[in-house]
*Asks:* 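Encoded as structure tokens, here's the structure I'll be asking about.
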4 protein chains.
Amino acid sequence: MARSQRTEERRRELVKAAFDCVAEKGFEGLRLRDVAARVGLDHSTVHHYFPGKQDLVTGIVDYATQQFWTPGAPVGDLDDHLGMLARLISERPALFLVLRELDLRATRDAEVRAIVESRERGWRDALAARVQPGHVELVIAVVKGVSLTPGLAGQVLSQLRTLLKGSA
Amino acid sequence: MARSQRTEERRRELVKAAFDCVAEKGFEGLRLRDVAARVGLDHSTVHHYFPGKQDLVTGIVDYATQQFWTPGAPVGDLDDHLGMLARLISERPALFLVLRELDLRATRDAEVRAIVESRERGWRDALAARVQPGHVELVIAVVKGVSLTPGLAGQVLSQLRTLLKGSA
Amino acid sequence: MARSQRTEERRRELVKAAFDCVAEKGFEGLRLRDVAARVGLDHSTVHHYFPGKQDLVTGIVDYATQQFWTPGAPVGDLDDHLGMLARLISERPALFLVLRELDLRATRDAEVRAIVESRERGWRDALAARVQPGHVELVIAVVKGVSLTPGLAGQVLSQLRTLLKGSA
Amino acid sequence: MARSQRTEERRRELVKAAFDCVAEKGFEGLRLRDVAARVGLDHSTVHHYFPGKQDLVTGIVDYATQQFWTPGAPVGDLDDHLGMLARLISERPALFLVLRELDLRATRDAEVRAIVESRERGWRDALAARVQPGHVELVIAVVKGVSLTPGLAGQVLSQLRTLLKGSA
DNA sequence: AATGAATGAGTTTTCATTCAT
DNA sequence: TATGAATGAAAACTCATTCAT
């Protein structure tokens, strides 16, 4: 049987709160108690929605990757895409910090890796249709790397665009 | 008086062990017990060498950044440098994973940030002498981004080199 | 909302147990583990009721001073009062030992000092209404001093009473 | 064989330092490391002079009680004696705080009790020769009680003297 | 669905003590 | 005599988890 609507709503709230915690203190600093407090619940109640901490983490991974890449969303041409990315990184730096944290965690956690890779595949495919084959991973590397210094995203991605165009 | 040679040696051992722990389990999974066990010491003895965990962390940061960038080491031209980086990433992927973990941690920890930024400055200066002004941050972003998928380092950095040359 | 009745009851139990520990081994020997064991709880559960050790200590101070001086309780004349004190010291020597321990601790701990002084003020006021101004502190000194040799409380306080009467 | 002079000197230094520690933080806060540091020694060296912590404590007890009551010292009449006590409490409040701490510790520590009682006997004898039999313990109680509020020593002991004289 | 009591494993840290040098 | 390395026991505290209600 499907989860009730109310339950789904609460789950979303908790995931969002957990995401915010990670954004603030990293996965290292993720505490069920803090998450519960943000939503105004007792910490033990969290277990009604997520059996264990790992399940909540999975929820965060799902949420964060979805914020970055919603499957099926329209993408536009390369210029549009890089511009959108630059804007997104500037406007939501925390999201990209969390995404990088996810990349690292994926290294050690198969479940996280599965979700992250699955979502990244969508992005990779979209890029493959817009740049030369050899440049896909380069673009990805730049985006990931510049996530760590969000303030430079606009400048760096603009440089990248110029270089890619020049080589076309 | 300076610390004895024996003490310095032990400290290095401990930092190295701690670095390995972080490489395996992330900062999140860094346990003084594990570090001590790796060196064959009682965990309380670690406090003989490092007053608290944070001091050990500082040691790790110092060690890792130094592995990547030893101030004063000869750099060569851009081709050499990018080639060296590609090799280093391929050969010591764990080091670059830890470095990225450091970038994230620097976000929330001023002490870590200070060390990381100081070491990065050396690298940035070296790059500034080898690429157009606007490209420094682009190179940095690529290196950082490709740290997360070390297997692609060779390919990606090679592409980058080609693009940078084409634009020169 | 106020703490539940059940919670308050447990807190009282714990404070009482902690008080007994101090009576037996002094503040120096106060261990959360022992306190928990006395009540039949896991030591970590104590933190459910008192965030930290200091909070439990505060509870002890509150409890002990209240055992000695309940604000608003009827006092009687000086004879009654000194007699009551002599009896109390003889019957509950541990309480007075703890109270003296509190006096010492108050020297170094502002929180303890605040509670102790506040309770003592009530006693001081009651005395002020029953002896000549200059004798208030004398009575207090005798009571405190004789706490350390409870067996002599009856004799010493009786002597004090005689002297005070003779000077009236 | 007797201990060398140098050793005795060091022992005295250490006991004095330990006494100061207790005066500042209570027995509860007595740390061998702090004591050693005050004397400028490594903490493990303390064990050359005192096999264990308890031996150092014994030294403190001996030192403190001797500061208060040196056997064989001239005493003078009651007025002199009470005046001397008032002065001593005012001038060296820490000594009297430590003495009270000793009284409490004597409750639980037979070794401490033995020393404390032995020294107190000398004082008690001297008092017995100067006040009525029933008043000895009263004087002792006052002195001990007023140790806890050294600022009032002059006033309180003066009152006591007046009362004792009036009853003679 | 929600709470709060209780647990137990685990973490850093402290400290007296011992031992080799 | 003195040091510093090393230990081990014990401390407070944290936190995910379970369970009865």
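Every chain is numbered from 1 and lettered A, B, ... according to where its sequence line falls, protein lines coming before strand lines.
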*Asks:* Please enumerate all residues that pass salt bridge (Lys or Arg N to Asp or Glu O under 4.0 Å) together with A/Arg113, with sequence neighbours excluded.
*Replies:*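 Salt bridge (Lys or Arg N to Asp or Glu O under 4.0 Å) check on A/Arg113 returns nothing, list empty.
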*Asks:* Grab the CG-P distance between B/Asp42 and E/dT12 for me, whole Å please.
*Replies:*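 Atom CG in B/Asp42 sits about 13 Å away from atom P in E/dT12.
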*Asks:* Are A/Arg119 and A/Phe68 in a cation-pi setup, meaning NZ or CZ lies under 6.0 angstrom from the ring centre and within 45 degrees of the ring axis?
*Replies:*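 A/Arg119 over A/Phe68 ring: no.
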*Asks:* Just the rounded figure in Å: distance from P of F/dA12 to CG of C/Asp55.
*Replies:*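 It is 13 Å, rounded to the nearest whole Å.
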*Asks:* Can you list everything that forms a side chain to side chain contact (heavy atoms under 4.5 Å, CB included) with A/Val116? Sequence neighbours excluded, please.
*Replies:*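 Only A/Val61, A/Thr65, A/Leu102, A/Asp103, A/Val112, A/Glu120 meet the side chain to side chain contact (heavy atoms under 4.5 Å, CB included) criterion with A/Val116.
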*Asks:* Under the salt bridge (Lys or Arg N to Asp or Glu O under 4.0 Å) rule, collect the residues that match up with D/Asp55, sequence neighbours excluded.
*Replies:*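 D/Asp55 satisfies salt bridge (Lys or Arg N to Asp or Glu O under 4.0 Å) with no other residue.
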*Asks:* Mind listing the residues from residues 8-31 of chain C sitting with a heavy atom below 4.0 Å of DNA chain E? Number order is fine.
*Replies:*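 When residues 8-31 of chain C is checked for heavy atoms under 4.0 Å from DNA chain E, the hits, listed by number, are C/Arg10.
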*Asks:* With a 4.5 Å heavy-atom cut-off, do C/Ser118 and C/Ile115 have their side chains touching?
*Replies:*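 In short, these two side chains do not touch, never coming nearer than 4.5 Å.
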*Asks:* Closer than 4.0 Å, any side-chain N/O of C/Ser4 to the OP1 or OP2 of E/dG4?
*Replies:*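 For C/Ser4, the contact criterion (side-chain N or O under 4.0 Å from OP1 or OP2 of E/dG4) is not met.
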*Asks:* Scan nucleotides 17-21 of chain F against the protein and return all N/O pairs shorter than 3.5 Å with their distances rounded to 0.1 Å.
*Replies:*
{"unit_1": "F/dT17", "atom_1": "OP2", "unit_2": "A/Lys53", "atom_2": "N", "d": "2.8"}
{"unit_1": "F/dT17", "atom_1": "O4", "unit_2": "A/His43", "atom_2": "NE2", "d": "3.2"}

*Asks:* Could you spell out the base pairing of DNA chain E as a dot-bracket line? Use Watson-Crick and G-U wobble contacts where both distances are under 3.5 Å, [ ] for crossing pairs, | for partners on a different strand.
*Replies:* .||||||||||||||||||||
*Asks:* Measure from the side-chain N and O atoms of A/Lys53 to the backbone N and O of A/Leu30, and report whether any donor-acceptor pair falls under 3.5 Å.
*Replies:*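 Pair found, side chain donor or acceptor close to backbone of A/Leu30.
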*Asks:* Quick one: is E/dT7 close enough that its OP1 or OP2 comes under 4.0 Å of any side-chain N or O from C/Thr45?
*Replies:*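 Yes, such a contact exists.
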*Asks:* Atom CZ of C/Phe50 and atom P of F/dC13: how far apart are they, to the nearest Å?
*Replies:*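 Going from CZ in C/Phe50 over to P in F/dC13 covers 13 Å.
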*Asks:* To the nearest 0.5 Å, tell me how far A/Glu24 CD sits from A/Arg38 CZ.
*Replies:*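 Reported value, rounded in 0.5 Å steps: 4.5 Å.
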*Asks:* Does C/Tyr49 place a side-chain N or O at less than 4.0 Å from the phosphate oxygens OP1/OP2 of E/dA6?
*Replies:*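 Indeed, a polar side-chain atom of C/Tyr49 lies that close.
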*Asks:* One thing to verify: whether D/Glu13 and D/Arg10 come together as a salt bridge, which I'm taking to mean a side-chain N less than 4.0 angstrom from a carboxylate O.
*Replies:*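 Looking at D/Arg10 and D/Glu13, the cut-off is met.
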*Asks:* In whole angstroms, how far is the C1' atom of E/dA5 from the CG atom of C/Leu41?
*Replies:*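 It works out to 9 Å between those atoms.
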*Asks:* Can C/Arg105 be said to sit on top of C/Phe27's aromatic six-ring, NZ or CZ under 6.0 Å from centre and within 45° of the ring axis?
*Replies:*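 Yes, a cation-pi geometry.
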*Asks:* Between B/Gly40 and D/Gly40, which has a closest nucleotide on DNA chain F that is more 5'?
*Replies:*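 The residue mapped nearer the 5' terminus is D/Gly40.
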*Asks:* Nearest 0.5 Å please: distance from the NE2 atom of D/His43 over to the CZ atom of D/Arg33.
*Replies:*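 Separation between the atoms: 3.5 Å.
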*Asks:* Does a side-chain heavy-atom distance below 4.5 Å link B/Leu95 with B/Phe19?
*Replies:*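 A side-chain contact exists here, since the closest heavy-atom pair is under 4.5 Å.
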